[in-house]
Amino acid sequence: MLIGVPKEIKTHEYRVGLTPDAVREYVAAGHRVVVEKNAGAGIGASDDLYRRAGALIAGDASEIFATAEMVVKVKEPQRSEWVQLRTDQILFTYLHLAPDPEQAKGLMKSGCTAIAYETVTDAHGGLPLLAPMSEVAGRLAIEAAGAALKRHAGGRGLLIGGVPGVQPARIVVIGGGVVGTHAARMAAGLGAEVTILDCSLPRLRELDDLFQGRVRTRFSTIATVEEEVFAADVVIGAVLVPGASAPKLVSRAMLSSMRKGAVIVDVAIDQGGCFETSRPTTHADPTYEVDGVIHYCVANMPGAVPLTSSHALNNATLPFGLALANKGFAAVLENPHLRAGLNVHRGWLTHKTVAESLDLPFSPIDRAKA
Ligand SMILES: NC(=O)c1ccc[n+]([C@@H]2O[C@H](COP(=O)([O-])OP(=O)(O)OC[C@H]3O[C@@H](n4cnc5c(N)ncnc54)[C@H](O)[C@@H]3O)[C@@H](O)[C@H]2O)c1
């Protein structure tokens with residue numbers, strides 16, 4: 001199969017769909033890979049390095065969209081990209097369609113087969129292609145919070161870990177999945193006072209075991225969210241209902257009862273955000289203030305550390321990408337975990353939760369296949 005890797009075009013997105021190491025694996029498996037000129041510049045991977053890994057270098061993205069049988073990216077396609085996609089071309093990337101009807105309709109119109117990293121599953125009920133970026137985003141969330149808490153940035157002027165004799169920051173993490181766990185681990189490591197809220201009791205038990213009393217756990221209800229948010233210096237939004245828009249757990253009205261200069265880091269912004277006042281921001285201008293509360297809502301946080309992120313992502317996507325390259329669409333039909341990743345196929349929305357979130361018709365794979 002001919003695999004194409006365009007350069008990412010979203011603002012401050014420096015990750016790349018395939019690293020040179022991953023290209024070597026595709027080439028070793030008998031595939032051809034074409035990479036856009038400078039696609040790896042953000043991670044220090046030169047065109048020469050890609051050539052040595054066996055890739056061909058294309059002068060621009062249009063060459064890749066015109067020829068590749070499978071396009072491997074990182075971020076959801078932008079309008080200029082989705083209009084170039086074709087029927088039966090496989091798109092393998094993050095999509096986050098639930099809050100993005102325009103992109104969903106664009107992909108449906110193209111006729112392409114779009115597999116979303118974020119809904120591919122594993123045998124343990126996890127999301128293996130979301131997990132590595134969630135690990136990165138969770139850890140970065142605490143760095144972002146630390147920066148925003150500084151007085152010159154509008155924050156309370158608080159050092160996360162405090163110093164001996166002075167209390168540390170109170171950090172509340174809503175959603176104790178991968179993002180939440182890694183955020184809590186970093187925050188606890190810095191010496192913060194950390195509470196994780198989750199609506200899954202089994203998950204709270206696991207977290208309790210994992211942190212051995214170093215982090216408090218609380219069952220998430222309207223009352224506990226309110227109580228914890230009002231007392232927090234930092235609130236990390238890390239909830240996920242797979243394929244759906246994030247539930248709004250913190251309303252605008254609640255902000256007036258929060259501490260002035262407190263910081264919200266809404267990591268779930270890529271699914272619409274779990275704070276009513278969240279709107280997506282970029283690394284170029286990551287924060288804004290509402291009612292005295294600093295909001296950090298960067299939708300592609302791992303893009304800030306593209307070297308770590310590209311390698312972490314490729315480690316996870318490689319086996320699925322190789323299966324698609326080896327078997328084409330048959331890999332989706334054969335493998336229930338790849339099938340869970342199928343969001344759009346030949347003009348149909350094939351992921352039930354995504355279709356429901358968008359209020360558009362859902363088509364099970366059998367009908368879509370026809
Ligand atoms: N902004 C970014 O750059 C970035 C990067 C990576 C991930 N994310 C996003 O972060 C979010 C979390 O991802 P994850 O990998 O940790 O997901 P996950 O599935 O591992 O964890 C989500 C957790 O949220 C909990 N949850 C669901 N509803 C809840 C509620 N009402 N109250 C409390 N907890 C609730 C679930 O029980 C689960 O434990 C997702 O939206 C993901 O797309 C964003």
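Both ligands and their constituent atoms are indexed starting at 1 by order of listing. Not measured: the values here are computed from a predicted model.
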Is it true that the side chains of [X] and [Y] contain a donor and an acceptor less than 3.5 Å apart?
X	Y	value
Ser62	Asp60	yes
Arg203	Thr181	yes
His295	Thr287	no

Going by distance only, is there an N or O of [X] that falls short of 3.5 Å from an N or O of ligand 1?
X	answer
Met133	no
Val179	yes
Leu240	yes
Met301	yes
Asp198	yes
Val267	yes
Arg203	no

Relative to the heavy atoms of [X], which atoms of ligand 1 are at a distance of less than 4.0 Å?
X	value
Gly175	24 (O), 34 (N)
Asn300	3 (O)
Gln271	41 (O), 43 (O)
Ser220	32 (N), 33 (C)
Asp270	4 (C), 8 (N), 9 (C), 41 (O), 42 (C), 43 (O), 44 (C)
Ala268	41 (O)

Has the side chain of Asn38 got a donor or acceptor atom that lies under 3.5 Å from a matching backbone atom of Ala41?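 Side chain of Asn38 to backbone of Ala41: no pair is present.
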Between the main-chain N or O of Met186 and the side-chain N or O of Arg139, is there a donor-acceptor pair closer than 3.5 Å?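 It does not hold such a pair.
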From the options Val241, Ile236, Val178, select the one whose nearest heavy atom is closest to atom 20 (O) of ligand 1.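 Checking each option, the heavy atom nearest atom 20 (O) of ligand 1 is found in Val178.
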Counting heavy atoms only, name the option from Ser134, Gly272, Gly177 that's nearest to atom 14 (P) of ligand 1.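 Answer by nearest heavy atom: Ser134.
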In terms of residue, atom name and distance, what is the protein heavy atom nearest to atom 5 (C) of ligand 1?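 Heavy-atom neighbour on the protein nearest atom 5 (C) of ligand 1: Ala137 CB, 3.4 Å.
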Could you tell me the residue and atom name of the protein heavy atom closest to atom 11 (C) of ligand 1, and the distance to it rounded to 0.1 Å?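 Going by distance alone, atom 11 (C) of ligand 1 is nearest to Val239 O, 3.5 Å.
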Within 45 degrees of the axis of the six-membered ring of Phe230 and under 6.0 Å from its centre: does Arg259 put its NZ or CZ there?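 No cation-pi geometry.
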Heavy-atom pairs closer than 4.0 Å: do any link ligand 1 to the side chain of [X], the backbone, both, or neither?
X	value
Leu249	side chain
Ala238	backbone
Ala299	backbone

Tell me whether the rings of Tyr14 and His12 are parallel (<30°), tilted (30 to 60°) or perpendicular (>60°).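 If you compare the ring of Tyr14 with that of His12, the planes turn out perpendicular.
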Run the side chain to side chain contact (heavy atoms under 4.5 Å, CB included) test on Lys75 and Thr93 for me, step by step, so that the C-alpha distance in whole Å, both residues' side-chain angles and the decisive distance to 0.1 Å come before the verdict. CA-CA 6 Å; Lys75 286 311 283 182; Thr93 191; 5.6 Å; no
Start with the C-alpha distance between Leu324 and Leu338, add both sets of side-chain angles, then the distance that settles side chain to side chain contact (heavy atoms under 4.5 Å, CB included), and finish with yes or no. CA-CA 9 Å; Leu324 286 166; Leu338 263 179; 4.1 Å; yes
Would you sort out whether Thr350 and His345 count as a side chain to side chain donor-acceptor pair (under 3.5 Å), showing the intermediate values? CA-CA 7 Å; Thr350 49; His345 181 57; over 6 Å; no
Less than 4.0 Å is my threshold; does some heavy atom of Leu127 fall inside it relative to ligand 1?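 Contact check Leu127 vs ligand 1: negative.
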Is the closest heavy atom of Cys199 to ligand 1 under 4.0 Å?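 Yes; Cys199 lies near enough to ligand 1 that a heavy-atom distance drops under 4.0 Å.
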Apply side chain to side chain contact (heavy atoms under 4.5 Å, CB included) to residues Leu255 and Ile264 and explain how you reach the verdict. CA-CA 10 Å; Leu255 293 192; Ile264 281 172; 3.9 Å; yes
Is the Phe362 to His351 ring centre distance short of 6.0 Å?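 Ring-ring flag for Phe362/His351: false, centres at least 6.0 Å apart.
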Applying side chain to side chain contact (heavy atoms under 4.5 Å, CB included), run through Cys112 and Asp88 and close with a yes or a no. CA-CA 5 Å; Cys112 80; Asp88 290 336; over 6 Å; no
